[in-house]
Every structure is written in structure tokens, then in C-alpha cells.
Protein chains: 2
Amino acid sequence: MKSFDIPIPTLKRLPLYYQHLLIARERGEKVMSSTDLGEAIGSAPEQVRKDLSFLSGQGKSRVGYDIDKLISIIETYLGLMLHKEAVIIGAGNLGHALALYPGFSQYGLKIIALFDNDAKKIGEKVGKLKVLHVDDLADYIKNQSIRIAILTTPPESARQIAPQLVNSGIKAIWNFSTAHLVVPEDVLVRNVDLSLELGVISHYISGLDRISLIK
Amino acid sequence: MKSFDIPIPTLKRLPLYYQHLLIARERGEKVMSSTDLGEAIGSAPEQVRKDLSFLSGQGKSRVGYDIDKLISIIETYLGLMLHKEAVIIGAGNLGHALALYPGFSQYGLKIIALFDNDAKKIGEKVGKLKVLHVDDLADYIKNQSIRIAILTTPPESARQIAPQLVNSGIKAIWNFSTAHLVVPEDVLVRNVDLSLELGVISHYISGLDRISLIK
DNA sequence: TAGATTGTTAATCGATTAACAATC
DNA sequence: TAGATTGTTAATCGATTAACAATC
């Protein structure tokens with residue numbers, strides 16, 4: 001799963017550029033310099049130019065980047081226009097929030113089903129979606145040719161379900177559980193453990209206390 | 001805000017180690033090697049040893065790390081035992097999910113209030129918390145000496161509120177909005193933009209399509 | 001003692017930043 | 001033309017990985 005032709009950090013900045021370009025276009029702007037784009041997302045202009053050079057830079061000296069053109073280049077490069085369907089496994093609070101998260105559609109991601117193993121939740125409505133039983137998950141994925149799964153279950157369930165997902169044809173797992181998933185090479189796993197940020201935040205806050213003790 | 005004595009990636013792995021050590025302790029285990037710890041979180045043993053060396057390595061050759069000791073070292077280092085109170089601004093789906101997220105208390109984080117500017121939401125119950133009006137935010141933070149704020153509002157609101165938070169004494173902002181916040185040096189901002197992962201996922205999925213087209 | 005495992009130094013890798021020639 | 005801005009190469013920085021001596 002390593003054959004990226006572009007650094008992951010760059011890949012994560014592209015959506016940011018994209019958002020700001022959309023806003024600028026909305027405002028009627030036509031071109032944008034690397035300096036302005038960088039400022040908008042909090043990066044240096046060199047960073048922006050470097051990032052954009054991966055997608056065959058299209059800027060014009062003295063002018064900047066053509067907003068329309070750059071938008072469509074990023075769309076093509078990331079495959080944003082592609083219709084990407086995903087399922088959520090785990091209909092808890094986080095699953096709900098993600099199912100209803102408004103930002104995803106901008107990137108072509110559409111949540112089309114939620115699964116849970118809790119009988120009480122089956123049939124429950126989340127937005128326009130109904131919660132389905134996890135027993136039907138494998139068939140559903142196969143029949144609908146889903147390739148993206150979002151995991152918001154407890155870690156043990158996540159570990160159990162991951163192989164099923166892979167067997168059913170899932171190619172990308174967005175893992176919100178704390179479980180470390182082991183999957184074949186050709187399956188992308190992106191881990192988002194919200195708690196990890198607490199390592200940084202907690203250390204920072206407790207550092208403040210330490211300083212104030214010394215003073 | 002740069003004066004970390006330890007790499008951020010390490011800081012984010014410490015909570016992972018911590019979790020696995022807790023589990024191991026639960027199982028009655030006494031010591032754990034860097035190899036085992038690494039395996040649990042998907043890192044190399046060298047990585048583990050390197051990380052732990054930042055907190056004055058406490059392992060024993062031929063034996064491994066004393067689980068009890070390491071747990072308490074990490075707790076001290078990250079300030080996990082510190083009682084850290086936080087407010088959430090934005091009582092939408094994500095705000096709800098975070099308010100009810102079970103994983104935070106393990107790290108000493110306690111959400112004690114939710115704020116919103118939508119009159120319809122004020123007074124609404126989220127778990128045991130009531131949604132308060134954002135007009136009362138500054139006073140609340142000052143009176144309760146809150147230092148951590150979690151932002152789950154739309155980007156424009158986030159940008160507006162950030163200076164207020166800083167003025168009221170907030171020292172760490174966990175920013176789930178897409179806004180790029182500009183704050184004084186001594187305020188920590190941790191950005192979590194869920195959409196950014198979609199850059200990586202979308203690119204990967206569309207890469208699969210590209211390959212299958214070629215074949 | 002012999003061997004496993006740590007802690008640390010050095011080598012590698014990769015991303016960011018700086019510099020600057022090319023260009024519009 | 002002069003000057004601003006790109007695109008790219010080189011230098012720097014920082015984190016990961018490898019190697020190995022120290023140690024229990």
C-alpha cells in the first residue's frame with residue numbers, strides 16, 4: 001500500500017486548497033497566487049507551489065494559478081467527481097455524526113448505509129438512512145460493490161469485522177476505532193483516533209501547570 | 001508554541017501505548033517488551049524504545065518494561081491524571097458525538113458544557129449536559145477557569161469565536177472546523193479536519209479505477 | 001555465563017524550507 | 001523592459017530505522 005506517487009501530507013492539503021479555491025471562485029475571483037493560497041490555509045507559498053507541482057503545475061508567472069483550471073485539476077487528481085459510496089459500521093454517536101456530516105458530499109463521498117449489531121438500533125432512522133443489521137453487511141457490500149467502509153465500532157468489533165470487509169471487496173477502511181487493523185497490502189487503512197490528539201493537548205496543558213509551579 | 005521537547009508523533013503514540021498497557025495490566029501481566037508493545041500498535045520496536053526514551057526509559061534488559069511503572073510514567077508525563085475541563089462550542093451532530101464520546105475520560109478530559117447560538121437548541125439536553133447560549137461563553141470560561149475549548153461550529157463562526165476564547169483564557173483549541181485559526185503563540189491549536197482524510201482515500205480509490213482502466 | 005532486550009548513536013529517509021533561474 | 005511569480009533544484013530539518021554496545 002505504499003505506491004503513492006505523492007506525499008501524504010500533500011494529499012491532505014489538496015482538499016484545503018480545493019475548498020479555498022471554491023470559495024474564491026464563488027466570490028468571482030479568477031486567479032490566485034501561491035502566497036494567497038498559502039495564507040488561506042496557513043502554509044508557506046513554497047509549500048503550495050511544491051504541492052501543486054505534483055499535479056503538473058499550471059500557474060502563470062506574474063499572475064498566479066487559474067482558479068477554474070486548478071479546481072478541475074484537483075478534482076481530477078483526487079477523483080472528487082467520482083461517485084464514491086461508503087457504509088458506516090457502528091451506529092453510535094460518532095456513526096450518526098459522520099452519517100450526517102455535511103462536508104463529505106463536496107468530495108463525492110456518499111454514505112449509503114449504516115450497520116450495527118444492536119437489535120434495538122436496527123431499523124432506526126439516521127437522516128434518510130435506516131440502520132441495518134451487521135449480519136447483512138457482507139452481502140450488501142458485494143451487491144452494491146461498495147469499496148469504502150467507515151468503522152466506528154468498539155475496537156474488538158472493528159478487529160473482527162475488518163477481514164469480512166476485505167473479503168467482501170472493501171478497498172479503503174476509514175478506521176475511527178482504536179483497534180490496529182491488519183489487512184492485505186492493497187487495502188488502504190486510514191486511522192483516525194480522536195483520543196490521540198489528547199496526548200498533545202494534555203501534555204501541553206500539563207506543561208503550563210509545570211511552568212506556573214516553577215514561577 | 002513550538003517549545004515541545006518531544007516530537008508530536010511520539011506524543012500521539014503515547015496514548016496508544018498507554019491504552020495497551022492498561023489492557024495488559026487488566027490481564028494481570030507485569031512486564032512488556034518493546035517488541036510486544038510495538039506489535040500492539042503497529043510500530044517497530046525501535047520506534048517504541050525511542051519514544052519511551054523521551055520519558056527517561058525505564059526498561060530492564062532481558063525483561064522489558066514494568067507495566068505499572070510505565071503506566072504511571074506516561075500518566076505523569078502527559079498529565080493524564082490532571083482533571084481537565086473543556087467546553088464544546090457547536091451543539092450539532094459532531095458536538096453531540098464528542099460530548100458523549102466515551103474515550104476521553106480515560107485521559108482526564110471532561111466536557112462540562114456545550115454552547116450554541118441557535119435559540120432552538122438552548123436548554124436542550126445532551127447526556128447530562130444542557131446546551132447554553134454562546135453569549136454566556138466568555139463569562140463561563142472565565143468563571144470556571146476553563147483552558148480547553150472544542151470547536152465544532154461552521155468555519156465562519158469558528159473564526160469569530162477564536163479570539164473570544166483566547167481573551168477568556170483558553171489555552172488549547174481543538175478545532176474541528178475547517179477554519180484556519182490565527183491565535184497567539186502561547187495558545188495551542190490542534191486541527192482535526194475529517195475531510196482531509198478524504199483527500200487520501202479519494203485519491204487511492206480513484207487510483208484503483210485508473211489501474212483497472214489500463215488493464 | 002550466554003542470550004535477550006534495552007538505550008543510544010549513527011544512517012537513512014522524507015518532507016519542508018530556501019534559493020534562484022525561467023518566464024510571463 | 002522591469003518586476004512579480006512560478007517551478008525546480010538544493011539545503012535543511014526532523015523523524016524513522018538500523019546498528020550495536022551496555023546490561024541484566
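Convention: sequence-line order gives letters A, B, ...; per-chain numbering from 1. From a predicted model like this one, the values you see are computed outputs, not experimental measurements.
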A.B. asks: How far apart are the closest heavy atoms of A:Trp174 and B:Leu194, and which atoms are they?
C.D. replies: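 Taking A:Trp174 first and B:Leu194 second, the nearest heavy atoms are CZ2-O, 3.2 Å.
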
A.B. asks: What's the closest nucleotide to the side chain of A:Lys50 if the choices are D:dA10, C:dT23, C:dT5?
C.D. replies: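 It is D:dA10.
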
A.B. asks: Which nucleotide, C:dA15, D:dT8, C:dT6, lies nearest any side-chain atom of A:Pro9?
C.D. replies: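 Nearest to the side-chain atoms of A:Pro9, counting from C-beta on, is C:dA15.
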
A.B. asks: Find the distance B:Leu55:CG to C:dT6:C1' and express it as a whole number of Å.
C.D. replies: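 Between C1' of C:dT6 and CG of B:Leu55: 14 Å.
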
A.B. asks: Does C:dT6 have OP1 or OP2 sitting under 4.0 Å from an N or O in the side chain of B:Ser34?
C.D. replies: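 Indeed, a polar side-chain atom of B:Ser34 lies that close.
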
A.B. asks: Under 4.0 Å from OP1 or OP2 of D:dG7: is there any side-chain N or O of A:Arg49 that close?
C.D. replies: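 Negative; the distance criterion is not met.
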
A.B. asks: Between A:Lys60 and A:Asp66, does any side-chain N to carboxylate O distance fall below 4.0 Å?
C.D. replies: no

A.B. asks: With nearest nucleotides of DNA chain C determined for A:Thr10 and B:Lys60 from heavy-atom distances, which residue corresponds to the more 5′ nucleotide?
C.D. replies: B:Lys60

A.B. asks: How many Å lie between OH on A:Tyr17 and P on D:dT6, as a whole number?
C.D. replies: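 That distance rounds to 12 Å.
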
A.B. asks: Given atom CD1 of B:Ile8 and atom P of D:dT16, what is their separation to the nearest angstrom?
C.D. replies: 12 Å

A.B. asks: Taking only the side-chain nitrogens and oxygens of B:Arg13, find out if one of them lies under 4.0 Å from OP1 or OP2 of D:dA15.
C.D. replies: no

A.B. asks: Taking 4.0 Å as the cut-off, does a side-chain nitrogen or oxygen of B:Gln47 come that near to OP1 or OP2 on D:dA15?
C.D. replies: no

A.B. asks: How far apart are the C-alpha atoms of B:Tyr101 and A:Leu94, what are their side-chain angles, what is the distance that settles it, and do they pass the side-chain contact (heavy atoms from CB on, under 4.5 Å) test?
C.D. replies: CA-CA 8 Å; B:Tyr101 195 73; A:Leu94 188 57; 4.3 Å; yes

A.B. asks: Using the closest heavy atom to pick a nucleotide of DNA chain C for each, name whichever of A:Arg62 or A:Asp51 lands nearer the 5' end.
C.D. replies: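 In this pair, the answer is A:Asp51.
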
A.B. asks: Work out which heavy atom in B:Val87 is nearest to a heavy atom in B:Ile146; give both atom names and the distance.
C.D. replies: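 Closest pair (atom of B:Val87, atom of B:Ile146, distance): N-CG2, 4.1 Å.
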
A.B. asks: Rounded to whole Å, please give me the gap between CG in A:Asp66 and P in C:dC24.
C.D. replies: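 That distance rounds to 15 Å.
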
A.B. asks: Hey, does the side chain of B:Lys171 reach the backbone of A:Tyr204 with a donor-acceptor pair shorter than 3.5 angstrom?
C.D. replies: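 No; judged by distance alone, with no hydrogens or angles, the pair does not exist.
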
A.B. asks: Kindly say whether A:Ser177 contributes a backbone atom to a donor-acceptor pair with the side chain of A:Thr152 at under 3.5 angstrom?
C.D. replies: no

A.B. asks: Atom CG of A:Leu37 to atom C1' of D:dT6: distance rounded to whole Å?
C.D. replies: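 So the CG-C1' distance, A:Leu37 to D:dT6, works out to 13 Å.
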
A.B. asks: What is the distance, rounded to the nearest whole Å, between atom NZ of A:Lys12 and atom P of C:dG14?
C.D. replies: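 One finds 18 Å between P of C:dG14 and NZ of A:Lys12, rounded.
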
A.B. asks: Write down the distance between CD (A:Glu46) and P (D:dT12), rounded to a whole number of angstrom.
C.D. replies: 15 Å

A.B. asks: Does a side-chain N or O of A:Tyr65 approach OP1 or OP2 of D:dG7 to a distance below 4.0 Å, or not?
C.D. replies: yes

A.B. asks: Report the distance from atom CG of A:Asp36 to atom P of D:dT5, rounded to the nearest whole Å.
C.D. replies: 9 Å

A.B. asks: With pairs defined as Watson-Crick or G-U wobble and both distances under 3.5 angstrom, please note down DNA chain C as a dot-bracket string, | for pairing with another strand.
C.D. replies: ..||||||||||||||||||||||

A.B. asks: Look at the aromatic rings of A:Tyr18 and A:Tyr107 and report parallel, tilted or perpendicular, splitting at 30° and 60°.
C.D. replies: tilted

